[in-house]
Structures are given as C-alpha cells and as structure tokens.
Amino acid sequence: MLDIRLIRKEPEMVSQALVTRGENPDLIKEVLRLDEKYRGLESESEKLRADVKRLSKEFAKTKDEAIAKKSKALGEKETQLEAEATAAKKARDDLLLATPNIPSSDCPAGESHEENAKAEGLDLEIEPLEFNKNKFAPHQQVPHFEFAEEMGILDMKRAVKIAGPMFGMFRAEGAKLANALIQYGLAYNRDLYEEIRPPSLVKTETLTATGHLPKFAEDAYSLEDGKLWAIPTGEVPLTYLMADEIIEVEKLPMRLMAYTPCYRREAGSAGQQTRGMLRVHEFDKVEILAYVAPEQAQELHMELLNRAAGLVHSLGLTHRITDICTGDLGNSSARTFDVEVYAPGEDRWLECSSVSWFTDYQARRANIRYKNPETKKTEFIHTLNGSAVAVPRVWTALVETHRQADGSIQIPEPLQKYMDSETHIKPL
RNA sequence: GGAGAGGUGGCCGAGUCAGGUUGAAGGCGCUUCCCUGCUAAGGAAGUAAGGGUGGUAACACUCUUCGUGGGUUCAAAUCCCACCCUCUCCGCCA
C-alpha cells in the first residue's frame, strides 16, 4: 500500500511512476478525489461529535431536557455524516489496495519482459559465467521429460491421473533429489536465517498483506469460501509473521527462511510451454526473507541475490541475473532481480528466483514497524525476499545439466550428503 | 464438536453487577533528572496507538480506539445482540 500522505504531497510524481508500470494515469486523481471527500466529511462529523460530547457533559450537570434534545439532533446528523465518511474512506482504500508499488528510481524503464535488462554494476559475489551454448554436450541437450520418466525419477502421467493437468510428481531417486534440494537450500542459509515451518493455508488478511489480494485472487486457490487460501509462496506467511508488531531495532535485519509447498492456479497459462515440471500447480520451495530498517535494504537486497545465485552456482548450474523493468515488475515490488538457470535440454532459461525489494509497501499493509532511533518515531520497516530453491526448476536444470553420456545423472558434490553419499542417479 | 471462564495501555492488573469529571487506579518495565567513589538501593518527573486540522518545525487543538462489528442512550470499557480469539474440562484425532 502506498502512503496516502505521499500521494497528497506529490500526486504527479506518484502518478508518473505508476504509469511507467502500465497503470491508468487517472488512478491517482481518483484516489485524491475520494481522499478529499473523506477528509471533508470526517472533519465535519468530528466537529459534531465534539459538540455532542460537550452537551452530554452539560446535561449531566444541568439535567436540562432541551440540551438532551439538541444533542440528540446533532448526534443523528453526525451518525449520517460519519457513515458517508466511512464509505468514502473505504472506496479510497479499496483503490489504494489495488494500486501497485512505486518502482525504485534505478529500476530500468520498460513496458514488458522483453525490456528486462542484464543486471549491471551489482555487488555480486559470483559473476555469472559467459554463456556459451556450445559447451553443452549432446547428452545434456535432452529435455528432462524425454528421459526422466524412463529413469523412474519423474511421473507426470500418474500425477495427472491423481490431481489433473499441470501437476507433477517425483519418484524414487528423483524424489530423493527433490528433498535433497530442500535440505540443501535450508542448510545453505542456516548460518543467518532462522528456519520457520509456517502454515501453508492462510487467512485473507495474510494474502492481502503481501499484495496477492485483492487484485490477483484468480491466481490463488481458496478454501472455505475464501476464508482460507493456499499460499502461492512462503513469502506470504513469512511476511505476515510480524504483522501488527513493532520490531526492536536491534533485531533488524531480521532474516527468516521457510520450506513450504506453493500452490498456484496458473490461470491463463494454458497453451504456453508447460510441459514437464516447469509450470505446475503445486511445488516445493525454500524462501528467504528479511525485515530491515530502510537504510539496510540495499545491502540485504544484494545479500539475498547473492545467496539465491550462489546456491545454483554451487550446484554447477549456469545462471544469469536480469534486472526487471518497470513494466514487468511484480505488483508489490520496487525492484526485482531474477535469477535464471539454464536448462540445456530445452535450451531455455528458467526463472528460479525473484529477489525483490518491497520498500514499505507490504509492511504498511501488514502493519510491521520499528522504532527509528534517529526520529524516535514508529516507522514502517522494509521487506525483501527471494527464493533460495524453487525445487522443480532447479531439479530440471540439474538433471539436464548433469546428465552424463551413459544417461546417468551426476549428483553435485554439495548435494551428496543429503543423498546417502550417492554420486550418481543411474538409468534403469 | 459440547460445557464453563475470560479478552482493558509495552507487560501485569483494577474498573463492568449501581452508564457520566476514566484514555482509563495501582504495580512492573522504560526514559530523563537528583542522590551516591562505581554498581545496587532510594527520590522526582515523564511514558499508548492511530486519524484529522493548523504550523518549516518543536508543538497545539480535535476525534477514534478498553477483542471485532452492530444496537440502546443526551452520554457506553461499563447495558443488549452477533461474531472472533484465548484458557480449562469433556469428546474426537495424525
């Protein structure tokens, strides 16, 4: 949620910024119109309310019925004005809830994903290697769905039988590999990140705080008539973890991680490339997230990015980092870097982490604050997050990249300890 | 799921049965100051959040908030209704 005070103060700036991400230029005007309406009605009704209070006290002393009568009349008027004020405020807030975040000033301008830029000038621990398609051998250039099922490590067919299209299922050594990836993702970040195992069904408020609701309801699965929702990402419960709380400044940055299943309806994605495990309704993910004081945001953004990229690099996968342009930015994000891994079998780059900085957009919705020692005021914190491991996509890039000439899959060294020290998954 | 008890400020806890000067006693904690070689103990003062208006600001005024939402009343933490949550006991259960 944007700060209504910022909108009042600099409506042009806000509006311009939102237009760069494709919003309606009149949106902010409408918010302001409703806001002015609300404030006018509110202050009128407040004056009446103050009068009623004064008259009530007077009546307690004098017992003068005329005063009671007058107070009652004012009270009725006040009730009516207050109702109108509340309605205007709600209309304003409904618009505000559907308004996306303002992109960061260093976010590249662009209208769609085609204008996403190669990330430059970042404080990276590992620079992505120069990409050369020719360094991949023919046995690596086989899509996972052409060999994984034969190997008995993937079973798309029966997953569809059980749950329907766009569900997938790992089996045997494939399932073991998926679990190893989860364990590794957690272990990789355990030095600084507290592990949480949160609920994967959440309340409407929880999904609203991250910005997934009200605008993107059709992307999420709901239960009990919209009272509960299946989380699309671990970001959702982790962000709401500190909702309505004031975090002690010494605890910032507060780093959390969670393994969770993720559920997405992927409405409208039919017809796109959905074969195999690359786009499924349910998948496992390890998420890393930080609550920070605003001045720590930049540093933590890089930390999260370095961890997301470092992990896939440590598995011997080829990756690249893109700087998401204004038009392709997620609703709540002010700046996002995508980490993509190369899947040689399909000759595709797979998005395996979106590392985003949300400024105070989510914190405002979730009401997460800290006492700023400089101003001594209670202010909103910033949130940042990214995937540490998005299991199916990393799994896919991994089995394709590490496929050997004999059809076996070499298990990267860091993963072996989570797979009973096995070095290879052998073909059947 | 059934029965009972309860939800008040950063925390504990009075007030609710007799509605009004109670944004709320008292305590703890915290902040500042005093005292004191240091510390502890002691003394003094301050200390909820949010919205609106005015002001560059410090701040001033005002409204809202005693689980949430409605109602009664001139006036609600206090009365009425609905809902939510917590605890205890019973039932059920991985």
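Naming convention: chains lettered A, B, ... in sequence-line order (proteins, then strands); numbering from 1 in each chain.
- A residue-by-residue look at A:Lys227 and A:Lys72 shows that A:Lys72 has its nearest nucleotide of RNA chain B further toward the 5' end.
- As rounded to the nearest Å, B:C12 and B:A24 have C1' atoms that lie 15 Å from one another.
- Heavy atoms from other residues, nucleotides or ligands lying under 6.0 Å from CD of A:Glu30 number more than 12.
- Atom OH of A:Tyr193 sits about 14.0 Å away from atom CZ of A:Arg190, to the nearest 0.5 Å.
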Under 3.5 Å, sequence neighbours excluded: what are the donor-acceptor pairs made by side chains of residues 354-362 of chain A?
residue  : atom : partner  : partner atom : Å
A:Ser354 : OG   : A:Asp338 : OD1          : 2.6
A:Ser354 : OG   : A:Glu351 : OE2          : 3.0
A:Ser356 : OG   : A:Thr336 : OG1          : 2.8
A:Trp357 : NE1  : A:His382 : ND1          : 3.1
A:Thr359 : OG1  : A:Asn101 : ND2          : 3.0
A:Asp360 : OD2  : A:Arg364 : NH2          : 2.6
A:Tyr361 : OH   : A:Thr99  : O            : 2.6
A:Tyr361 : OH   : A:Asn331 : ND2          : 3.3
A:Tyr361 : OH   : A:Arg365 : NH2          : 3.3
A:Gln362 : OE1  : A:Thr383 : OG1          : 2.8
A:Gln362 : NE2  : A:Thr210 : O            : 3.1
A:Gln362 : NE2  : A:Glu235 : OE2          : 2.8

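- Taking atom C1' in both B:U47 and B:U39, the straight-line distance is 25 Å, to the nearest Å.
- When rounded to the nearest whole Å, the span between CD of A:Glu245 and P of B:G50 equals 15 Å.
- Heavy atoms of A:Ser56 sit under 4.0 angstrom from at least one base atom.
- Side-chain atoms of A:Tyr188 and A:Ser314 form no donor-acceptor pair, as typed in the model, at a separation below 3.5 Å.
- Under the salt bridge (charged side-chain N to carboxylate O under 4.0 Å, His left out) test applied with A:Asp51, the options A:Lys53, A:Arg54, A:Arg49 reduce to a single match, A:Arg54.
- Heavy atoms of A:Arg54 sit nowhere under 4.0 angstrom from any nucleic acid atom.
- A side-chain N or O of A:Asp284 and one of A:Tyr259 form a donor-acceptor pair less than 3.5 Å apart.
- Taking the P atom of each, B:G6 and B:U16 are spaced 14 Å apart, rounded to whole Å.
- Within the structure, a side-chain polar atom (N or O) of A:Arg39 is placed less than 4.0 Å from OP1 or OP2 of B:U53.
- Here A:Arg49 does not reach the OP1 or OP2 of B:U62: none of its side-chain N or O atoms lies under 4.0 Å away.
- Comparing B:C74, B:G51, B:G20 against the side chain of A:Ala60 picks out B:G20 as the nearest.
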Watson-Crick and G-U pairing of RNA chain B written in dot-bracket, each distance under 3.5 angstrom, with | for inter-strand partners: ((((((((.[[[..)....(.....]]]((((((.......))))))(((((((....))))))).[[[[[..)....]]]]])))))))....

